[in-house]
*Asks:* 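Take a look at this one; I'll ask things after.
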Amino acid sequence: MSMLAELVEVVIGVGTHKHTHTAAVLDARTGAVQDRATVDADPDGYAQLLSLAERRSGLRAWAIEGTGGYGAGLARHLADAGELVVELDRPRRPARRSP
């Protein structure tokens, strides 16, 4: 199995939330952050993220949290635009203690 960094030059990591999505554009080989943005979680925000990514040359992939939940609309938008989308598992959160 290949590492994503071996296949693309740019990775756009996206944390998804109910009202906003936050993205970081990374150099796939070094991990250096090239750009960041927080946008509304709606079609206009999705277009802004795609525009942000298009400022960088080279092959790119999107690594998105929650493509079955808050990130579903963004994942669909990007797939319809011919973008490579990789789903990430949401981070495990510690169990909450009852009072």
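All values derive from a computational prediction rather than experimental measurement.
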*Asks:* Hey, any chance V10 and L50 share a hydrophobic cluster, counting ILVMFWY side chains that come within less than 4.5 Å of each other, even indirectly?
*Replies:* yes
*Asks:* Quick one: CG on D40 to OG1 on T20, what's the gap to the nearest 0.5 Å?
*Replies:* 7.5 Å
*Asks:* Of I64, L78, T22, which is the lone residue that meets side-chain contact (heavy atoms from CB on, under 4.5 Å) with V14?
*Replies:* I64
*Asks:* Could you list the donor-acceptor pairs under 3.5 angstrom formed by side chains in residues 51-62, with sequence neighbours left out?
*Replies:*
unit_1	atom_1	unit_2	atom_2	d
R56	NH2	Q34	O	2.9
R60	NE	E83	OE1	2.7
R60	NH2	E83	OE2	3.0
W62	NE1	E83	OE1	2.8

*Asks:* To the closest 0.5 Å, what do you measure between CG (D42) and NE2 (H21)?
*Replies:* 8.5 Å
*Asks:* Quick one: closest heavy-atom pair of V85 and A79, and the distance?
*Replies:* CG2-N, 4.3 Å
*Asks:* Hydrophobic clusters here meaning ILVMFWY residues chained together by side-chain heavy-atom distances under 4.5 Å, can you tell me if L7 and L84 are in one?
*Replies:* yes
*Asks:* Could you report the tightest heavy-atom contact between G15 and E65, atom names first, then the distance?
*Replies:* CA-OE1, 3.8 Å
*Asks:* Okay, side chain of R76, backbone of G71: is any donor-acceptor separation there less than 3.5 Å?
*Replies:* no
*Asks:* According to the interplanar angle, ranging from 0 to 90°, do the rings of H77 and Y46 count as parallel (below 30°), tilted (30 to 60°) or perpendicular (above 60°)?
*Replies:* tilted
*Asks:* If you look at every heavy atom in L49 and A37, which pair is closest and at what distance?
*Replies:* CD2-CB, 4.4 Å
